[in-house]
Amino acid sequence: MCSDLLRKFVQRSGTYRHAAFVPVDGRVECSSAGPDDPQLDLSNSDMVREFMQNPMTAVTAMAQGPVSRNPSWSCCSPCIATANSWA
């Protein structure tokens, strides 16, 4: 359900090529990637580690995106789980 929502978000946006929810362990289970695409593991990503240590809304340029392997932008914003909902 989460991945379906993100796939629809990307399809409708006209701006984004990929979207993902990255949990604190860096192992992505919810993304806009197709069901046959490999699961994204960002647990060794310096950017994810830095974000987890200092969570803030940020836009970062990357020489090589983790999905496309092309120059990319990363838009990050922290989410907080509270009693079965996200804020």
Side-chain angles (χ1 to χ4, degrees):
M1 180 173 185
C2 178
S3 292
D4 289 337
L5 179 69
L6 290 181
R7 272 191 289 279
K8 289 176 185 173
F9 167 76
V10 168
Q11 289 170 351
R12 291 179 180 150
S13 76
T15 302
Y16 301 104
R17 296 183 66 194
H18 184 78
F21 171 74
V22 183
V24 293
D25 68 3
R27 291 180 177 89
V28 178
E29 294 181 15
C30 175
S31 81
S32 61
D36 296 330
D37 291 332
Q39 186 176 10
L40 186 59
D41 184 351
L42 299 174
S43 58
N44 291 322
S45 166
D46 290 336
M47 183 182 71
V48 171
R49 272 196 294 270
E50 290 172 20
F51 178 76
M52 294 303 176
Q53 291 174 356
N54 187 22
M56 69 174 103
T57 300
V59 177
T60 306
M62 296 179 289
Q64 185 180 39
V67 176
S68 68
R69 303 290 183 221
N70 293 317
S72 302
W73 291 94
S74 170
C75 304
C76 301
S77 185
C79 299
I80 302 168
T82 56
N84 299 327
S85 67
W86 292 92

Set of residues satisfying side chain to side chain contact (heavy atoms under 4.5 Å, CB included) with respect to Ala19, sequence neighbours excluded: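 Leu6, Phe9, Val10, Ser32.
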Name every donor-acceptor pair, under 3.5 Å, that has one atom in a side chain of residues 49-59 and the other anywhere in the protein, sequence neighbours excluded.
from: Arg49; atom 1: NH1; to: Ser43; atom 2: O; distance (Å): 3.4
from: Arg49; atom 1: NH2; to: Asn44; atom 2: O; distance (Å): 3.4
from: Arg49; atom 1: NH2; to: Asp46; atom 2: OD1; distance (Å): 2.6
from: Thr57; atom 1: OG1; to: Ser77; atom 2: OG; distance (Å): 3.1

Do any pairs count as a disulfide (SG to SG under 2.5 Å) and have a residue in residues 6-40, sequence neighbours left out, and if so which ones?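 Residue pairs with at least one partner in residues 6-40: Cys2-Cys30.
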Which ILVMFWY residues are connected to Met47, directly or by a chain of links, through side-chain heavy atoms under 4.5 Å apart? Met62
Using the salt bridge (Lys or Arg N to Asp or Glu O under 4.0 Å) rule, collect all pairs that involve residues 16-31, keeping only residues at least two apart or in two chains.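 Residue pairs passing salt bridge (Lys or Arg N to Asp or Glu O under 4.0 Å), neighbours aside: Arg27-Asp41.
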Residue pairs involving residues 4-15 (criterion salt bridge (Lys or Arg N to Asp or Glu O under 4.0 Å); sequence neighbours excluded): Asp4-Arg7
Please name all residues satisfying side-chain hydrogen bond (donor to acceptor under 3.5 Å, both in side chains) with Ser72, sequence neighbours left out, ordered by chain then number.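 Residues passing side-chain hydrogen bond (donor to acceptor under 3.5 Å, both in side chains) with Ser72: Ser68.
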Has Gln39 got a side-chain atom pairing as donor or acceptor with Val28's backbone, closer than 3.5 angstrom? yes
